[in-house]
Amino acid sequence: MKYLLAAVAVAPLVAGMAHAQDQAEDEVRIEQTVIVTLPGPQRTAGELVSNVAALDRKEIVEALASTLGDTLDRQPGVASTAFGQGASRPVLRGLGAERVQVLTNGIGVIDVSAASPDHQVAADGIDAQKVEILRGPAALVYGGQAIGGVVNVIDGLIMEDLPKRPFAGEAYAASNSVNEGTEGGARVQAVSGPVVVTLTASTRDFGNYDIPVPAQSDRLRAETGDPVGPDGELPNSFVQTNSVAGGLSWIGDRGFLGGAVRQQSSQYGLPLEETAYIDLKQTRYDVRGGLNVDTGFLTKITASGSVADYEHTEFEEPGEPGTIFKTEGFEGRIEAGHVLGPLEGEVGIQYADSSLDAIGDEAFITPTDTTSLGVFLYETHDFDSGLGIEGGIRAEKVDLDNEGGGKAGFDLFSGSAGVHQHWASGWFLGAQASWAERAPNQSELFADGPHLATEQYEVGDRTLGKERGLNLEGTARWENDTMSFGVNLFLTDFSEFIYLAATGAEIDDLPVFAFRQQDAQFTGGEAFAAYQLLGGPLQADWKFDAGLDLVNAEFDDGSDVPYVPPVTLNAGAEADWGALALGAKLTWAGDQDSPGVGLLPTDGYVTADLHADLDIARYGAGREGTKLFIEARNIGDAEVRAATSVLKDNVPMPGRNIRAGIRFLF
């Protein structure tokens, strides 16, 4: 892997000749991107009631952080669990972990990241071609664990259509000052007749990161009376990742068939523990195929399946393995697109079988097998008048078998319906309702043991019932050629919401937290606006955007749901002169004064970022999209603590970071 960055660095000298023939290709804008995670006919984000987002490769590189959650943190309605540099999952509208389904190419990641915030997600944007964030009725076809939404990381290893070029590739590399870290990736794709070969590799080597304040918050020190702890640098916050992958696809006139294999490894420190770290490995095999039928009723049949072998070892001291987590699993889906009278949609079946085993002193969960079988139907229709309707149902059976804890089975049902209206004037109004049911996972049912990464002793409850949620959402949007704005409002009323609560007891000097159930209500929304001015001041093309996120969550007894993000405003401006682009971003997060029982409030913050891009493709280096970039993140070195993080009072986010690099396309 150490040669990867060197290869990236010399790529401009080797591939500059490819520039001339490819100069006409443009980057695809998000507004025009088809959301492939959706069931049924192809649609874009602008055609949906929910606030759906997608990042293309260019935007992924610009936002890239050390974890998937942190990379997506500034997307509308998205936050991060912020567990240091090594392990952060996305949080959608205040819901995370077991309520947000993270996928790789439409199939679950098959890891243990939902079991604990210190467990890394086995999906990373560093070599992704696209990341989609899906909420609303369509997300429910992916099962009860998508009750909060879906994040789909698309790596492009299995191709469904022939690429435009017989040979193409990308190399990317960057350095970071805040952790003296380097990152890089490479992708090569070759076409021979109907056969496409795709190879990718990536690496990341980040040291401990700089922090602008002492690790412990002022609020925590005032409560505990502890002396000032680590300052200047956060100990044991390093992360190293490596991945290699390859895909082979056959593409014919009426269909495609492909397979892929990915191997990835990671080592990262656990910041609350002086020397503890996690060593993670996963091997994943994917197969996917599709056939265009066009019989009048059936239009297309697609089948996909994944097998993964995942293991991570938690080392208390270097060379001294502690707890080992293992999971092996298979997940497969068969989907049939169809036309039924005026309706166009998809019917499908999904099956998953996984085993989880934990061995060692911190094995808070005993071996558990989980199987699920679901069937779903989704239909949509757009009338010539601009009126559109959509809806779907899913029935699912989930069975868990725990060694020592016994068996648990759940029959789940989900349903959704939505309606929207387009007008030629640019207005879009829509409303939708959905009912979803989720089965408790292994930890919620059977946990019983110490969890030092979060400094808790966790206890599950074998008697937990299924969690149910009624979601109502409305949207209003308007756009023309240069401006757009809109607002989404939502209400989710949960029955028997599952959560982890302090009991007041202690075991082995650790506070005991038990899984419980109570009704809860989440309300909030997102407001957003964008404006583009061509040939504006300073003879530049200008882009402005802003978004406001708000979530409020309370239990039925009047207490606050913990780890909910505060009111957050993101705004940006960019001036583009063609060869050179300059931009700035601002984030304002309010105080979180409703932290939940037993938690301290979290102070708000303001951060500012600056960036500059130089389009070196204009000077003969690479094809369209090749750029040098430099950016300053958190330029004011502000203290940032994420209210969604269990480590918020012990682990601040990184301070000022100067990130510079190149993205080279050939």
Side-chain angles (χ1 to χ4, degrees), residues 1-29 33 55-64 124-131 153-175 182-204 242-249 251 258 260 262 576 578-581 611-631 659-666:
M1 279 297 175
K2 67 181 181 180
Y3 300 108
L4 180 58
L5 292 177
V8 173
V10 301
L13 302 178
V14 177
M17 65 184 68
H19 164 71
Q21 70 184 51
D22 302 320
Q23 194 69 33
E25 178 174 301
D26 294 324
E27 295 286 349
V28 179
R29 294 177 58 190
T33 301
L55 283 76
D56 62 18
R57 180 60 185 169
K58 173 179 177 291
E59 291 161 318
I60 292 170
V61 171
E62 291 174 352
L64 194 62
D124 191 350
I126 193 169
D127 57 0
Q129 294 302 104
K130 187 178 179 184
V131 178
V153 180
I154 302 166
D155 58 24
L157 292 175
I158 299 176
M159 300 295 295
E160 299 186 18
D161 300 295
L162 283 173
K164 296 179 180 179
R165 300 181 183 81
F167 181 80
E170 174 189 337
Y172 150 77
S175 64
T182 56
E183 55 189 294
R187 176 185 179 91
V188 175
Q189 191 169 77
V191 183
S192 177
V195 177
V196 182
V197 177
T198 306
L199 302 173
T200 69
S202 69
T203 185
R204 180 187 286 114
N242 294 283
S243 73
V244 291
L248 180 67
S249 307
I251 301 168
R262 172 184 295 275
D576 190 343
L580 176 67
H611 72 267
D613 298 335
L614 179 63
D615 184 357
I616 59 175
R618 292 172 173 263
Y619 306 103
R623 63 178 173 89
E624 181 75 12
T626 297
K627 292 184 178 182
L628 294 172
F629 62 86
I630 185 169
E631 59 187 28
R659 179 172 178 256
I662 182 174
R663 180 183 177 226
F664 187 84
L665 282 71
F666 55 92

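Atoms CG and OG1, on Leu157 and Thr198 in that order, are 6.5 Å from each other to the nearest 0.5 Å. Atom-to-atom distance recorded for Ser175:OG and Ile630:CD1 is 8.5 Å, nearest 0.5 angstrom. Between atom CG of residue Leu55 and atom CD1 of residue Ile60 there is a gap of 6.0 Å, rounded to the nearest 0.5 Å. The distance from the CG atom of Asp615 to the CG atom of Leu580 is 10.0 Å, given to the nearest 0.5 Å. Note that CD1 of Ile662 and CZ of Phe629 are 9.0 Å apart. Values are rounded to the nearest 0.5 Å.
Across all non-hydrogen atoms, the minimal contact from Leu64 to Gly125 is CD1-C, 3.8 Å. Across every non-hydrogen atom of Val61 and Glu170, the tightest pair is CG2-OE2, 4.4 Å. Between Ala579 and Tyr619, the shortest heavy-atom distance links the atoms CB-OH, 3.5 Å. Smallest separation of non-hydrogen atoms from Ile126 and Thr203: CD1-O, 3.6 Å. Taking all atoms of both residues into account, the shortest heavy-atom contact from Pro163 to Val196 is CD-CG2, 3.7 Å.
The pair Glu183-Arg659 meets the salt-bridge criterion, since a charged nitrogen lies less than 4.0 angstrom from a carboxylate oxygen. Salt bridge annotation for Arg204-Asp124: present, with a cationic side-chain nitrogen under 4.0 angstrom from a carboxylate oxygen.
With hydrogens and angles disregarded, a donor-acceptor distance shorter than 3.5 Å links the side chain of Arg57 to the backbone of Ala128. Side chain of Arg262 to main chain of Gly247: no donor-acceptor pair is present (N/O by atom type, distance under 3.5 Å, no hydrogens or angles). Thr626 places no side-chain N or O within donor-acceptor distance of the main-chain N or O of Phe664, the cut-off being under 3.5 Å. At least one donor-acceptor pair closer than 3.5 Å links the side chain of Arg187 to the backbone N or O of Gly156.
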CA sep, side-chain torsions, deciding dist, call: Arg165, Gln189, side-chain contact (heavy atoms from CB on, under 4.5 Å): CA-CA 9 Å; Arg165 300 181 183 81; Gln189 191 169 77; over 6 Å; no

Leu665 and Arg623: CA distance, side-chain angles, deciding distance, side-chain contact (heavy atoms from CB on, under 4.5 Å) verdict: CA-CA 6 Å; Leu665 282 71; Arg623 63 178 173 89; 3.5 Å; yes

Derivation of the side-chain contact (heavy atoms from CB on, under 4.5 Å) call for Leu162 and Val191: CA-CA 8 Å; Leu162 283 173; Val191 183; 4.1 Å; yes

Residue pair Glu62, Asp613: steps toward the side-chain contact (heavy atoms from CB on, under 4.5 Å) verdict: CA-CA 10 Å; Glu62 291 174 352; Asp613 298 335; 4.1 Å; yes

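Using cut-offs of 30° and 60° for the angle between ring planes, the Phe167 and Phe666 rings count as tilted.
There is a side-chain donor-acceptor pair under 3.5 Å between Ser243 and Ser202.
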